[in-house]
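Contents: one structure, followed by commentary.
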Amino acid sequence: MPNRAKITILIASLVVIFIPAVRAYPHQNDWDARAVSEAIEKAKAYLWSKWSDGHWPEQDKPKERNYGGVTALCTYALLAAGENPQDPRMKKTFEWLAKLDIKGTYARALRANVWGKLGRNSKYQRNLAEDVKWLLEAVDSRGTYGYVKGKRPKSAAAWRTWKHSWYDNSNSQLAVLGVWAGARNGIEIPLGYWKLIEKHWREDQNPDGGWPYQKEGLRPHSYGSMTAAGLATMFICFDAIYY
């Protein structure tokens, strides 16, 4: 991945992470809140400095599976930071994203979150519905996702041989966030989907309470990042199923 794409992804991710904290506790420590807000403004300025002709530098090439993912992440970060969707740069970016036929789970889910941030009355509501449909079709029979949408083995023996190269909890969690963006904007999601997702995350939790990248495959030990993903996904499922 080019260094500039790595830095852009990092900055965008930090903006998304810190925005909720600043808004949740605006007066708890005025100096700290002001300092963080100033840092976010600098991050926004940095992101825009790397923007050109409707998009940001991508880590994938145009025909690769997650082309568009970096731009979707940066767009979502700026929207979460309060950037006006009517900004001409934003409008051009939306148009650029809408034209892409994205093949990868990461980028599809990120783009769904962009459309979700625009609200139910957005002209991109249909685009959101299409991305959510893709994500619903991409989930496998065990409630997991891999990097791309495809057919998985149905027999137990074939699954045991292949499953470790298929799914991971990173793709799986981000895909759920994309579907959730649709649910929050009036797109009906089958109850069975949420139950399937919940089942996987319950079964994939480690005895120490954390979640791994893959419980029985690559990196089976618990990670802080995957545990945060597990908690967020369980919250979404509980909200959809039980409330």
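Just so it is clear, the values below take in all heavy atoms, side chains as well, and ignore hydrogens, waters and symmetry mates. Here, residue 1 is the first one in the sequence, and each next residue gets the next number.
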Within-4.5 Å side-chain heavy-atom neighbours: [X] and [Y]:
{"X": "W134", "Y": "T105", "answer": "yes"}
{"X": "Q125", "Y": "N121", "answer": "no"}
{"X": "Y193", "Y": "V139", "answer": "yes"}
{"X": "I241", "Y": "W194", "answer": "yes"}
{"X": "W201", "Y": "S172", "answer": "yes"}

Charged N to carboxylate O below 4.0 Å: is that the case for [X] and [Y]?
{"X": "E198", "Y": "R202", "result": "yes"}
{"X": "K92", "Y": "D53", "result": "yes"}
{"X": "K103", "Y": "D60", "result": "no"}
{"X": "E130", "Y": "R126", "result": "yes"}
{"X": "E95", "Y": "K91", "result": "no"}

By ring pair (Phe, Tyr, Trp, His ring centres under 6.0 Å), which residues pair with [X], not counting sequence neighbours?
{"X": "Y213", "result": "none"}
{"X": "Y243", "result": "none"}
{"X": "Y145", "result": "none"}

Measure across [X] and [Y] and return the closest heavy-atom pair with its distance rounded to 0.1 Å.
{"X": "K215", "Y": "Q205", "answer": "NZ-O, 3.0 Å"}
{"X": "L79", "Y": "P85", "answer": "CD2-CG, 4.0 Å"}
{"X": "L135", "Y": "A112", "answer": "CD1-CB, 4.4 Å"}

Any donor-acceptor pair under 3.5 Å linking the side chain of [X] with the backbone of [Y]?
{"X": "D87", "Y": "E83", "value": "no"}
{"X": "N66", "Y": "G69", "value": "no"}
{"X": "E64", "Y": "K61", "value": "yes"}
{"X": "D140", "Y": "G143", "value": "yes"}

Tell me whether the centres of the aromatic rings in W96 and W56 are closer together than 6.0 Å. no

Would you list the atom pairs, donor with acceptor, under 3.5 Å between side chains in residues 226-235 and any protein atom, with sequence neighbours excluded?
from	atom 1	to	atom 2	distance (Å)
T227	OG1	W211	N	3.0
T227	OG1	Y223	O	2.7
T233	OG1	A229	O	2.8

Greater than 12 external heavy atoms within 6.0 Å of D208's CG: yes

At what distance, to the nearest 0.5 angstrom, does [atom1] of [X] lie from [atom2] of [Y]?
{"X": "M90", "Y": "T75", "atom1": "CE", "atom2": "OG1", "answer": "6.0 Å"}
{"X": "R108", "Y": "K149", "atom1": "CZ", "atom2": "NZ", "answer": "7.0 Å"}
{"X": "W115", "Y": "R111", "atom1": "CH2", "atom2": "CZ", "answer": "6.5 Å"}
{"X": "C74", "Y": "L47", "atom1": "SG", "atom2": "CG", "answer": "5.0 Å"}
{"X": "T71", "Y": "E58", "atom1": "OG1", "atom2": "CD", "answer": "4.0 Å"}
{"X": "K44", "Y": "S49", "atom1": "NZ", "atom2": "OG", "answer": "13.5 Å"}

The test is side-chain hydrogen bond (donor to acceptor under 3.5 Å, both in side chains); show your working for W51 and T93 and say whether it passes. CA-CA 9 Å; W51 179 90; T93 303; 2.8 Å; yes

Are a donor atom and an acceptor atom from the side chains of H200 and N169 found within less than 3.5 Å of each other? yes

Tell me yes or no: between the side chains of Y167 and D204, is some donor less than 3.5 Å from an acceptor? yes

Could you give me the CA-CA distance, side-chain angles and deciding distance for I102 and Y67, then say whether side-chain contact (heavy atoms from CB on, under 4.5 Å) is met? CA-CA 7 Å; I102 297 175; Y67 183 73; over 6 Å; no

Could you go through the side-chain contact (heavy atoms from CB on, under 4.5 Å) check for R65 and Y106 one step at a time? CA-CA 9 Å; R65 60 193 178 198; Y106 277 126; over 6 Å; no

By side-chain contact (heavy atoms from CB on, under 4.5 Å), K133 pairs with (sequence neighbours left out) E137

Take Y147 and N171 through the side-chain contact (heavy atoms from CB on, under 4.5 Å) test and state the conclusion after the steps. CA-CA 6 Å; Y147 281 92; N171 272 293; 3.6 Å; yes

Acceptor/donor pairs from residues 176-191 side chains to any protein atom, 3.5 angstrom cut, sequence neighbours excluded:
from	atom 1	to	atom 2	distance (Å)
N185	OD1	R120	N	3.3
N185	ND2	G116	O	3.1
N185	ND2	A181	O	2.8

